[in-house]
Amino acid sequence: MRRYGQSLYQPQSPVARCVNFLCAVLLTLILVAGVILFVLWLSLRPHRPKFYLADFSIPNANRQSGLANLPVHFTVNEHNPNQKIGMYYDEILASVFYGDQLVATGPVMNPFYQQPKGDTPVQGTLQARGPVPTDPSWGRFAGEMSAGSVEMRLVLTSKVQFQVKVWDTKHHHMKVECDFTMQGDGTLRPQDKNSRCTLYF
């Protein structure tokens, strides 16, 4: 039988208090460690590079004999947005397309290391192989050249490896596509200058 005036509070044993204290300390440590890991993940998470088409030209592209053997010049600016992560690039290959037709292709840059927050111009000179008057696409190409508006595409491919101090990630295949319009004189349309290219990783 319960006696009136007797307290319902039962003091915890020293063992229970010790267990509760250890559990609270453990939970606090887990929470702090989680916050630290999350902050480190945000600061060290690799961000993909950015590419911008700065310039493109094919001198004498409006000649009647076609583009074969003409030089193809371009500049694509690459930017590493990471604060503490550098990037290693393998050899960069470039290809220029008119529709589905390959205009020019070849290596344009040797392997290099990109510093954090760094910028590197990817400059290339290729030799055009077409279109020429004997190609099925020549009539359409010549007509667009006369109109002063030819839709073209520049593609860059390489492999990229991120570096965080002494730790390197695996190699990632990279593909950059720059869609642009070439004018009738073979130069880049002003509206497309410094336009951002699409990156596939």
Side-chain angles (χ1 to χ4, degrees), residues 37-59 61 67 70-131 137 141 149-183 186-201:
L37 289 175
F38 179 70
V39 172
L40 287 175
W41 178 79
L42 287 178
S43 62
L44 298 178
R45 180 177 51 137
H47 294 281
R48 297 178 178 183
K50 298 177 181 179
F51 295 84
Y52 302 88
L53 180 61
D55 196 19
F56 183 92
S57 66
I58 305 179
L67 301 185
L70 289 178
V72 179
H73 305 292
F74 70 85
T75 300
V76 174
N77 290 327
E78 179 270 354
H79 174 66
N80 178 5
N82 295 286
Q83 292 278 0
K84 300 180 180 179
I85 301 176
M87 294 186 292
Y88 288 102
Y89 284 88
D90 284 358
E91 181 182 55
I92 296 180
L93 302 176
S95 300
V96 179
F97 293 89
Y98 168 67
D100 294 329
Q101 181 171 359
L102 181 63
V103 175
T105 188
V108 295
M109 198 158 185
N110 293 325
F112 68 97
Y113 174 71
Q114 175 63 282
Q115 296 282 349
K117 302 299 289 183
D119 296 278
T120 297
V122 179
Q123 297 175 317
T125 297
L126 304 171
Q127 188 176 60
R129 60 177 66 175
S137 63
F141 178 82
S149 179
V150 184
E151 299 296 324
M152 305 281 286
R153 184 171 76 258
L154 171 65
V155 178
L156 305 177
T157 57
S158 184
K159 290 181 181 179
V160 182
Q161 187 179 32
F162 295 98
Q163 183 197 46
V164 184
K165 293 186 178 179
V166 296
W167 170 63
D168 295 337
T169 68
K170 65 178 183 179
H171 284 86
H172 300 271
H173 290 275
M174 179 194 77
K175 180 180 180 182
V176 179
E177 290 191 359
C178 308
D179 295 305
F180 62 95
T181 299
M182 184 173 68
Q183 301 181 118
T187 60
L188 180 66
R189 184 177 64 170
Q191 300 94 303
D192 293 335
K193 188 175 180 63
N194 296 320
S195 59
R196 186 168 175 176
C197 303
T198 303
L199 174 64
Y200 299 94
F201 227 65

- Message: Does Leu102 form a side chain to side chain contact (heavy atoms under 4.5 Å, CB included) with Phe97? I'd like the steps, not just the answer.
- Response: CA-CA 5 Å; Leu102 181 63; Phe97 293 89; 3.7 Å; yes

- Give the intermediate values and the outcome of side chain to side chain contact (heavy atoms under 4.5 Å, CB included) for residues Phe56 and Val76. CA-CA 9 Å; Phe56 183 92; Val76 174; over 6 Å; no

- Verdict with reasoning, Met174 to Met87, per side chain to side chain contact (heavy atoms under 4.5 Å, CB included): CA-CA 12 Å; Met174 179 194 77; Met87 294 186 292; over 6 Å; no

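Just one of Thr120, Asn80, Asp119 meets the side chain to side chain donor-acceptor pair (under 3.5 Å) condition when paired with Gln114; it is Thr120. Exactly one of Leu154, Leu70, Leu126, Leu67 qualifies for a side-chain contact (heavy atoms from CB on, under 4.5 Å) with Val103. That residue is Leu67.
Between the Asn82 side chain and the His47 main chain, a donor and an acceptor come within less than 3.5 Å of each other. Distance alone, capped at 3.5 Å, is enough to place a donor-acceptor pair between the Thr105 side chain and the Ala94 backbone.
Aromatic ring pairs are classed by plane angle as parallel below 30°, tilted from 30° to 60° and perpendicular above 60°; the pair Phe201 and Phe162 is tilted. Ring geometry, Phe51 versus Tyr89: the interplanar angle exceeds 60°, so the pair is classed perpendicular (tilted spans 30 to 60°).
The nearest pair of heavy atoms linking Tyr113 to Gly86 is OH-CA, 3.4 Å. In this structure, Pro49 and Pro81 approach most closely via the heavy-atom pair CA-CD, 3.9 Å. Minimum heavy-atom separation, Pro59 to Pro71: CD-O, 3.4 Å. Pairing each heavy atom of Pro116 with each of Lys84, the nearest pair is CG-C, 3.9 Å. Summarising the geometry of Ala128 relative to Ala104, their closest heavy-atom pair is CA-CB, 4.0 Å, with the distance given to 0.1 Å. Residues His79 and Lys117 share a closest heavy-atom pair of CE1-O, 4.2 Å.
In this structure, CG on Leu156 lies 9.0 Å from OG on Ser158, to the nearest 0.5 angstrom. Between Asn77 atom CG and Gln123 atom CD the span is 8.5 Å, to the nearest 0.5 Å. Interatomic distance, Ser195 OG to Leu53 CG, rounded to the nearest 0.5 Å: 5.0 Å. Atom-to-atom distance recorded for Asn110:CG and Glu91:CD is 6.5 Å, nearest 0.5 angstrom. Gln183 CD to Ile58 CD1: the interatomic distance, rounded to the nearest 0.5 Å, is 12.5 Å. Atom NZ of Lys175 sits about 10.5 Å away from atom OG1 of Thr198, to the nearest 0.5 Å.
Using a 4.5 Å heavy-atom threshold, the side chains of Val150 and Met152 count as touching. Looking only at side-chain heavy atoms (C-beta outward), Leu93 and Ser95 stay at 4.5 Å or farther from each other.
Counting heavy-atom neighbours within 6.0 Å of His173 NE2, excluding the residue itself, gives a total of 12 or less.
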